[in-house]
Amino acid sequence: MLEGGGFKRGELQKGSEPETFQHVDGDLACSVRDDEFQFQGLRHPVTARQLVEAKLLDMKTVEQLRRGLKTVEEVQKTLSKFLTKATAIAGLYLEATKEKMSFSSAAKKIVIDKMMALAFLEAQAATGFIIDPLSGQTYSVEDAILQGVIDPEFRIRLLEAEKAALGYPCSSKMLSVFQAMENRMLDRQRGKHMLEAQIASGGVIDPARGIRVPPEVALQQGLLNNAILQFLHEPSSNTRVFPNPNNKQALYYAELLRMCVFDVDCQCLLLPFGERNISNLNVAKTHRISVVDTKTGAELTTYEAFQRNLIDKSTYLELSGLQYQWKEATFFESYGHPSRVLRDAKTGLQLNIDEAVEQGTVDKASVRKYQEGLITLTELADFLLSRLVPKKDVHSPVAGYWLTSSGERISVLKASRRNLVDRITALRCLEAQVSTGGILDPLTGKRYRVAEALHRGLLDEGFAQQLRQCELVVAGISHPVTNKVMSVLEAVNANIISKDMGVRCLEFQYLTGGLMEPQAQTRLSIEEALQVGMIDVSIATKLKDQKSYIRNILCPQTKRKLTYKEALEKADFDFHTGLKLLEVSEPLMTGISSLYYAS
């Protein structure tokens, strides 16, 4: 919430949503009796004292329990993510038929191979339970075999994986995954994969207490160390090994979870399987499909499902957090006026609250509800997104890139620095931006001159040097003697700019809606440009001959060389800015078929 005039420049709000646990001093646990309150843990009861020790329960809640202001059932529900909730991927959602299927059944019916099914079942066992997606019931490995939920042939492998949840016996203690790694009872690489799955699906499992704990608490309690946590998603330290059934590429478990849909019938996560790709992030849509009702066949966004009371608030916030992570900040424009902005840490999307109020997208009453804590930051952001009318700037050049894995929007410079595109491709895309009006910020949709873009971090000095001549083409070049503003043709004929540069700038303009007159800044057809002497027949012929276009843009997906026209055709309109963005995937490494064992 904003207080007394908002935040200072660039200051972000600390945490977009209230956490479900609070940090408390360990010695407070001594004031809670062992037999005072009991809750259900992953496999056995857990006491209030143990939850206080694990920093999942604070003393204020304990006092409310003592005074009868809260019941054990109510507190159990708020802590379900850490205690009893099935948080792993339960099965497949068959997109063609809108049905669900367990991994064991999918292997029997040869929908996926056995090693792939085993990898997902190992992940379930290592994160707490074997899950039956048809009923939502959770089981131990032995019980799942007895109930016919999994095939007995997987028994030995799954019992080994289950130790990640139950503990590794050592003397009189049960060791966690990390502790077993440190004691050389568990291969380090397998251990890292288990920890990555546990953290992605709710927290590191403390087998002694039979609960999940957040990573920061796990660090304090010796269930994890900083080095492992820091490099869990670094391919050189922890390779991707969880298979995507749709293309057999290996991903991190967190990446697979982001692709899942939540089934309201069984209250569990399913991985979409098929050609429709319903849960994929899409730069043209505000939200992806995140919730399905397999009884009715309905497919909804998280916000729609929450509005229709198909999911509760905590589930809504959890699922929404897989796509967006909103923060609030107050920014000051160059003229000093403060502006309240919601910014998503994952995609870079920015929503201006004050502009939304002025434009009537949201009323002041709704903003006041948010400020008073009656609705969350996520609800306000989702409301604003739901009211957005997707835009399309038909004259847009390629304004930047968006990452398939996270939906993040990034500038051409940032894509170049991350080695997602080569320097030549980046330069041509930036030349096209300058030639059509200025360097674009894909997060806001605003255009800037080269000097300002350099100042704002949208260019580096190397690019800026190469783009200044290009900028003259748009602004107009003054004749050194007459001071008359020259056309591109005149500038080329006077040897002020090279013919290649001149024609390239005109090609970018032609492909994005027409040639631009330097002074009037209006768009002209080739015929109109010929009539006013802006170009000659030779240049006109060259512009019309698409076979002569040079392939100097590297496709970030296929790594094939494209012409700029082909790049524009591959690009998608961003629903927020209306600008064209090219999709880019971070390099994916192929992984092993099974999660913890070589096949």
Side-chain angles (χ1 to χ4, degrees), residues 14-87 126-129 138 163-180 182 194-195 198-226 228-229 312-315 317-318 321 373 376:
K14 292 183 181 177
S16 54
E17 303 296 350
E19 295 286 350
T20 53
F21 62 91
Q22 292 186 28
H23 294 285
V24 294
D25 294 327
D27 58 0
L28 287 177
C30 299
S31 63
V32 185
R33 295 193 315 276
D34 274 334
D35 62 347
E36 205 164 355
F37 301 104
Q38 277 205 340
F39 300 85
Q40 180 57 48
L42 291 173
R43 293 296 179 82
H44 53 74
V46 57
T47 66
R49 178 171 178 162
Q50 288 176 309
L51 291 178
V52 172
E53 286 170 348
K55 302 185 180 181
L56 294 179
L57 194 61
D58 59 26
M59 290 307 297
K60 180 183 173 185
T61 306
V62 172
E63 282 302 321
Q64 288 173 324
L65 283 165
R66 285 170 176 163
R67 292 165 61 189
L69 299 174
K70 278 189 177 175
T71 65
V72 168
E73 291 74 23
E74 286 171 337
V75 177
Q76 174 90 38
K77 190 177 179 183
T78 63
L79 295 175
S80 65
K81 177 183 174 182
F82 302 106
L83 301 179
T84 56
K85 194 171 183 178
T87 53
T127 57
F129 317 101
T138 57
K163 289 179 183 176
L166 299 180
Y168 296 82
C170 181
S171 302
S172 59
K173 292 195 302 184
M174 297 301 277
L175 303 183
S176 69
V177 171
F178 171 68
Q179 291 161 345
E182 294 294 285
M194 290 175 174
L195 284 169
Q198 287 186 355
I199 289 170
S201 58
V204 177
I205 292 179
D206 175 354
R209 298 185 178 98
I211 57 176
R212 300 184 184 106
V213 296
E216 54 268 41
V217 175
L219 286 171
Q220 294 167 9
Q221 309 225 337
L223 301 169
L224 197 58
N225 70 9
N226 264 313
I228 287 177
L229 182 61
D312 61 25
K313 191 162 186 170
S314 63
T315 302
L317 293 175
E318 266 181 54
T376 63

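Note that CD of Gln76 is 13.5 Å distant from NZ of Lys70, once rounded to the nearest 0.5 Å. Atom OG of Ser176 sits about 11.5 Å away from atom CE of Met194, to the nearest 0.5 Å. Considering CD of Glu63 and CG of Asp58, their distance stands at 10.5 Å, rounded to 0.5 Å. Here Arg66 contributes atom CZ and Thr61 contributes atom OG1; the two are 11.5 Å apart, rounded to the nearest 0.5 Å. In this structure, CD1 on Ile228 lies 11.5 Å from CG on Leu223, to the nearest 0.5 angstrom.
In terms of modelled atom types and a separation under 3.5 Å, the side chain of Glu36 and the main chain of Arg49 share no donor-acceptor contact. In terms of modelled atom types and a separation under 3.5 Å, the side chain of Arg43 and the main chain of Pro207 share no donor-acceptor contact.
Ion pairing of Lys55 with Glu216 is absent here, as no side-chain N (NZ or NE/NH1/NH2) approaches a carboxylate O to less than 4.0 Å. In this structure, Lys77 does not pair ionically with Glu73, as no charged nitrogen and carboxylate oxygen lie closer than 4.0 Å.
Annotation: side chain of Glu53 is in contact with side chain of Arg209 (closest heavy-atom distance under 4.5 Å).
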Using side-chain contact (heavy atoms from CB on, under 4.5 Å), reason through Ile199 and Leu224 one step at a time and then give a plain yes or no. CA-CA 11 Å; Ile199 289 170; Leu224 197 58; 4.0 Å; yes
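Of all heavy-atom pairs between Ala164 and Gln198, the closest is O-NE2, 3.2 Å.
Within 6.0 Å of NZ in Lys313 there are more than 12 heavy atoms belonging to other residues, nucleotides or ligands.
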